[in-house]
Amino acid sequence: MRTVQIFAALLLASLLSAQSTGQGKSGLPDPPKKDVPYVIHADLLVETETGEAKQETRKDEQVFSIPGAASTVKTPFASPEFLFLSDSLPADKLQLFKLGSKNGRREVVLVRKKKIVAQPVRLSITPIHDKLFRIRVEDSLTPGEYALSPDGSNAVFCFAVQ
């Protein structure tokens, strides 16, 4: 009986400790902003670089570009994970694309000669609770620039793999 009481006291202390440090059900702090993916670095969340891609048509290509040659958000992980608190942006609409750096900006060629050439990287999206999701990159990423973008939107959430 005494062992059960000690176990219950330890469990209660653990739950109170997680609440007092601001940790949510994921074991990580809840993201401070909604509709923005955060890169998970151990027990820290790093906000992705938020921007708007500019859509251009040149010759037979449809290109999306983002100002700046490199993202300010960097991760050493080849298969990064993200925490995402959804509000108006559904988590299952996010797609991940590799970007190239050209003329001081990052870009992806989406369509060439009426064919889709940029394929999104595979993601797994796991609900944690309510509108909180964990997003995992399924494949190993090579070093470079990347952007998460909702399907049908020019909004981008950029990061770099080192």
Side-chain angles (χ1 to χ4, degrees), residues 7-55 64-101 105-110 116-162:
F7 177 74
L10 289 172
L11 181 62
L12 180 61
S14 173
L15 289 172
L16 290 174
S17 173
Q19 287 179 345
S20 68
T21 60
Q23 291 184 337
K25 291 183 181 183
S26 65
L28 296 163
D30 284 339
K33 294 181 184 175
K34 295 177 180 178
D35 293 334
V36 176
Y38 285 79
V39 182
I40 300 171
H41 282 182
D43 59 350
L44 299 174
L45 298 180
V46 180
E47 183 178 345
T48 52
E49 175 192 354
T50 304
E52 193 78 16
K54 180 181 173 191
Q55 183 175 346
F64 289 84
S65 63
I66 303 146
S71 177
T72 56
V73 178
K74 311 224 183 283
T75 184
F77 303 115
S79 295
E81 296 185 10
F82 303 86
L83 206 55
F84 181 74
L85 184 58
S86 176
D87 183 32
S88 60
L89 177 61
D92 63 349
K93 293 289 184 188
L94 289 172
Q95 297 180 321
L96 177 63
F97 292 95
K98 180 159 177 60
L99 305 172
S101 231
R105 64 185 190 169
R106 294 159 280 170
E107 64 180 37
V108 61
V109 177
L110 196 60
I116 296 176
V117 291
Q119 295 298 318
V121 178
R122 290 183 318 129
L123 301 173
S124 69
I125 301 169
T126 307
I128 295 173
H129 70 83
D130 295 330
K131 294 186 173 198
L132 184 64
F133 298 87
R134 188 176 202 124
I135 301 169
R136 290 186 171 105
V137 176
E138 289 294 315
D139 302 318
S140 287
L141 303 178
T142 58
E145 301 295 319
Y146 293 87
L148 285 161
S149 182
D151 188 26
S153 169
N154 287 8
V156 289
F157 306 99
C158 301
F159 66 96
V161 173
Q162 296 180 315

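Remember, predicted model here, so these are calculated numbers, not experimental data. One-based numbering along the sequence shown.
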side-chain contact (heavy atoms from CB on, under 4.5 Å) partners of [X], counting only residues at least two apart:
X: I116; result: V111, Q119
X: P120; result: Q95, F97
X: V109; result: E61, V63, R112, V117
X: A70; result: K74, E145

What pair of heavy atoms forms the shortest contact from [X] to [Y], and how long is it?
X: I66; Y: A147; result: CD1-CB, 4.4 Å
X: A118; Y: V108; result: CB-CG2, 3.7 Å
X: A160; Y: S71; result: N-CB, 4.1 Å
X: V156; Y: E52; result: CG2-N, 3.9 Å
X: C158; Y: R106; result: CB-NH1, 3.6 Å
X: S149; Y: A155; result: OG-O, 2.7 Å

Donor-acceptor pair, side chain of D35 and main chain of D87, under 3.5 angstrom: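 Such a contact is found between D35 side chain and D87 backbone.
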pair E107-S101: side-chain heavy atoms closer than 4.5 Å: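 With C-beta onward as the side chain, the pair stays apart.
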Test item: I135 and Y38 side chains (from C-beta on) under 4.5 Å apart, heavy atoms: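 Not in contact.
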Residue pairs fulfilling salt bridge (charged side-chain N to carboxylate O under 4.0 Å, His left out) with at least one residue in residues 90-100, sequence neighbours excluded: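 Sorted pair list comes back empty.
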Spacing of L141 atom CG and L96 atom CG [to the nearest 0.5 Å]: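 Between atom CG of L141 and atom CG of L96 there are 6.0 Å.
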Distance, nearest 0.5 Å, that separates NE2 of H129 from CG of L132: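 So the NE2 of H129 and the CG of L132 are separated by 4.5 Å.
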Derivation and outcome, side-chain contact (heavy atoms from CB on, under 4.5 Å), residues V39 and L45: CA-CA 6 Å; V39 182; L45 298 180; over 6 Å; no
With sequence neighbours excluded, what pairs up with [X] under the side chain to side chain donor-acceptor pair (under 3.5 Å) test?
X: N154; value: none
X: S65; value: E56, R105
X: Y146; value: T142
X: Q162; value: none

K33: partners by salt bridge (charged side-chain N to carboxylate O under 4.0 Å, His left out), with sequence neighbours left out: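 Listed in chain order: E47.
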Partners meeting ring-ring contact (aromatic ring centres under 6.0 Å, His included) with F157 (sequence neighbours left out):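 Partners of F157 by the ring-ring contact (aromatic ring centres under 6.0 Å, His included) criterion come out as none, since no residue qualifies.
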Only pairs under 3.5 Å count here: list side-chain donor-acceptor contacts from residues 78-86, not counting sequence neighbours, and write none if there are none.
residue: S79; atom: OG; partner: D139; partner atom: O; Å: 3.4
residue: E81; atom: OE1; partner: R134; partner atom: NE; Å: 2.7
residue: E81; atom: OE1; partner: R134; partner atom: NH2; Å: 2.9
residue: E81; atom: OE2; partner: R136; partner atom: NE; Å: 3.1
residue: S86; atom: OG; partner: L89; partner atom: O; Å: 2.6

Intermediate values then yes/no, side-chain contact (heavy atoms from CB on, under 4.5 Å), L94 and F133: CA-CA 12 Å; L94 289 172; F133 298 87; over 6 Å; no
